[in-house]
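Excluded from the calculations below are hydrogen atoms, water molecules and symmetry mates; all remaining heavy atoms, backbone and side chain alike, are included. Lettering follows sequence order; numbering is per chain, from 1. From a predicted model like this one, the values you see are computed outputs, not experimental measurements.
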Number of protein chains: 2
Amino acid sequence: MSWRKEQRRAERGYHHGNLKEALLQAALGLIAEKGAAGFTFADAARMAGVSAAAPYRHFRDRDELLSSIAQRGFEQFEARLTAAWDDGRPDTVTAFERVGRAYLAFAREEPAFYNAMFESGLPVDANPALQAASERAFNIIRAAAERLAALAPPGTPRPPAMMMALHIWSMAHGVASLFSRGDAARRKLPMSPDELLEAEVLIYLRGLGFPTDRRAPAKGAEPPPVPPEASSGSSVPPGGTPGGPWGKPK
Amino acid sequence: MSWRKEQRRAERGYHHGNLKEALLQAALGLIAEKGAAGFTFADAARMAGVSAAAPYRHFRDRDELLSSIAQRGFEQFEARLTAAWDDGRPDTVTAFERVGRAYLAFAREEPAFYNAMFESGLPVDANPALQAASERAFNIIRAAAERLAALAPPGTPRPPAMMMALHIWSMAHGVASLFSRGDAARRKLPMSPDELLEAEVLIYLRGLGFPTDRRAPAKGAEPPPVPPEASSGSSVPPGGTPGGPWGKPK
DNA sequence: CAGCTCATGTGAACGGCTTTTACATGAGCC
DNA sequence: GGCTCATGTAAAAGCCGTTCACATGAGCTG
């Protein structure tokens, strides 16, 4: 169609042909490298081989570029959480923890997105599209929490799923912010961020009365797998799961 | 001594007399208002009634001003956590939760400090003094966790205090970051951030096997969210603490 | 009190960034 | 071939951070 120029040489031709995308990519690289604060509109333009004014044909201002990136970030985030959740397979608790790990993995592997989404100081709820995207991502956690809440052992009060979701989110976000990125990640920890979060979530779920020793429901649909041994009364038998949900601190 | 000029009129006289402090205060106000990213060295100078170059007599550059503020922030943070912990009085669990609330209160009441400390993108561990201050603040949580861990009921494996401290920190930080500040605070929640964190911590402690029914706060200082009828024995009796550590969602 | 000195503040200047404006280019369409 | 409009450019205004030579005056020294 119209890309021939661009395919021959990226910076040739008066018209770039794909500038918007090029700017987004450039910005992504710059943010990963220097943080959203250090990222410069002019730098992105330069990197795309275009004058400093050109980006204004595609973004109202610097903030809109940042918002676009955050938006994409939330979409990818949602996709990854969705994949991790995998509709609760093979069992709800396992899938739930996979979601937690996916949260950390995203923060670690997509620092630019994460930065734009959570650390750029963008007024998220000033932008409806952005807020909606953020909401959709959170809804994955919410849905998972809902499924988990439904598993509450008989006799145990069923916790509000919304509350659980907010709790889990705050744990994942706290661990990611404090230990899983940037300089703070260098803080010497007794365990990896992943292990830290996993233990945290397991202990929390135990506190809600959920059985947290993983078992393998080969193919059964979820509902039944309430443990066969839950007869002893307390769902948190003293000394059960010897060593607790945390591994031996190496 | 030398303040006479300054006392007569803040901006009179060739020499300000107290510029460093004035700049810190100005910056604090600006950061509270526009965030660390929006804060401008020149603006602070203007606000102090001084030329744009003057601040360089007191701070190597803009980042050093920011670091100074973060440093002070960590010190005040430590002081507030220390006061909240109050050496574990009247009982460890109560004091522990007071620390959690103090964390949120600090984030809410000192947005400028919080911003400089956690959201400014400062390379915390590039600055030894800053890192040390941050460490000291964390040590309050660590010490509290230590005391809590020592309370592990007999028969229960004693959790590593360091892990507990990191967990609690991540919860408090997650809640503060996501729900207790700025725009995100507007997200409609089923409960206040304080209640959210309190429930989260209580559930977590329950998951560790701790008894979490508060015992009598001397004289109604504490609104006991859990009615005093939970005494059946197991720390997590099935159906015990009816309603769980969370209040009824209003 | 005279005079010296040094910390502290000023003004001007440099380069960089953001954003706007008037103008240039050329891709797609008749 | 010629029009038109999206897309790019250059130039300029205004702001910032930072540096440098220079100004001021507070406090010491004699």
Side-chain angles (χ1 to χ4, degrees), chain A residues 1-27 29-31 33-69 120-122, chain B residues 1-27 30-31 33-69 116 120-122:
Chain A
M1 308 311 184
S2 72
W3 318 53
R4 290 181 316 202
K5 294 260 170 149
E6 189 222 357
Q7 285 203 325
R8 283 193 227 144
R9 296 216 194 159
E11 73 281 22
R12 273 296 173 80
Y14 193 89
H15 291 84
H16 183 289
N18 199 18
L19 185 52
K20 186 163 189 171
E21 194 54 35
L23 287 172
L24 286 168
Q25 293 305 326
L30 288 170
I31 293 175
E33 195 180 327
K34 308 188 290 184
F39 148 71
T40 252
F41 216 22
D43 244 344
R46 212 169 294 131
M47 192 158 302
V50 94
S51 82
Y56 289 86
R57 295 296 176 194
H58 300 277
F59 301 96
R60 197 180 335 85
D61 55 20
R62 182 180 172 282
D63 267 17
E64 197 183 277
L65 209 192
L66 229 48
S67 291
S68 293
I69 289 185
S120 65
L122 271 185
Chain B
M1 308 310 187
S2 71
W3 320 52
R4 289 181 317 200
K5 294 264 167 142
E6 190 222 357
Q7 285 203 324
R8 283 193 228 143
R9 296 216 197 158
E11 74 280 24
R12 273 296 173 78
Y14 193 88
H15 291 83
H16 184 287
N18 200 18
L19 185 53
K20 185 163 189 172
E21 193 54 35
L23 287 171
L24 286 167
Q25 292 305 324
L30 290 169
I31 293 174
E33 196 180 326
K34 307 189 290 186
F39 149 72
T40 251
F41 216 23
D43 244 345
R46 211 169 294 130
M47 191 157 304
V50 95
S51 82
Y56 290 85
R57 295 297 177 192
H58 300 278
F59 302 96
R60 199 179 335 86
D61 56 20
R62 183 179 172 282
D63 266 15
E64 197 183 276
L65 209 193
L66 230 49
S67 291
S68 293
I69 289 186
S120 63
L122 272 185

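Heavy atoms of S51(B) sit under 4.0 angstrom from at least one base atom.
Between K20(B) and F59(B), the closest side-chain pair of non-hydrogen atoms falls below 4.5 Å. Between P55(B) and L65(B), the closest side-chain pair of non-hydrogen atoms is not below 4.5 Å. Using a 4.5 Å cut-off on side-chain heavy atoms (C-beta onward), R57(A) and L19(A) make no contact.
Comparing R57(A) and D43(A), the nucleotide of DNA chain C nearest to each residue sits closer to the 5' end for D43(A). Comparing A53(B) and A53(A), the nucleotide of DNA chain D nearest to each residue sits closer to the 5' end for A53(A).
Atom OG of residue S120(A) and atom CD1 of residue I69(A) lie 9.5 Å apart, to the nearest 0.5 angstrom.
The distance between atom CG of L23(A) and atom P of dT7(D), rounded to the nearest whole Å, is 12 Å. Remark: C1' of dC17(C) and CG of L65(A) are 15 Å apart, rounded to the nearest angstrom. Per the geometry, CG belonging to L66(B) stands 16 Å off P belonging to dC16(D), to the nearest Å. Look at CZ on R46(B): it is 16 Å from C1' on dG9(C), rounded to the nearest Å. F39(B) places its CZ atom 12 Å from the C1' atom of dC16(D), with the value rounded to the nearest Å. Going from atom CZ of R62(A) over to atom P of dC16(D) covers 15 Å, rounded to whole Å. Taking atom NZ of residue K34(A) and atom P of nucleotide dC17(C), one finds them 8 Å apart after rounding to whole Å. Here the P atom of nucleotide dT8(C) and the CZ atom of R60(B) are 16 Å apart, to the nearest Å.
For H16(B), the side-chain atoms get nearest to dG9(C) when compared with the rest of dG9(C), dG17(D), dT18(C). Among the nucleotides dG9(C), dT9(D), dG8(D), the one closest to the side chain of H58(B) is dG9(C). In the set dT18(D), dT19(C), dC16(D), dT18(D) carries the atom at the smallest distance from any side-chain atom of A52(B). Closest to the side chain of Y56(A), out of dT10(C), dT20(C), dT7(D), is dT20(C).
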key: L66(B)/E64(B) under side-chain contact (heavy atoms from CB on, under 4.5 Å): CA gap, chis, key distance, verdict   = CA-CA 5 Å; L66(B) 230 49; E64(B) 197 183 276; over 6 Å; no
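Side-chain N/O atoms of T40(B) include none lying less than 4.0 angstrom from OP1 or OP2 on dC15(D).
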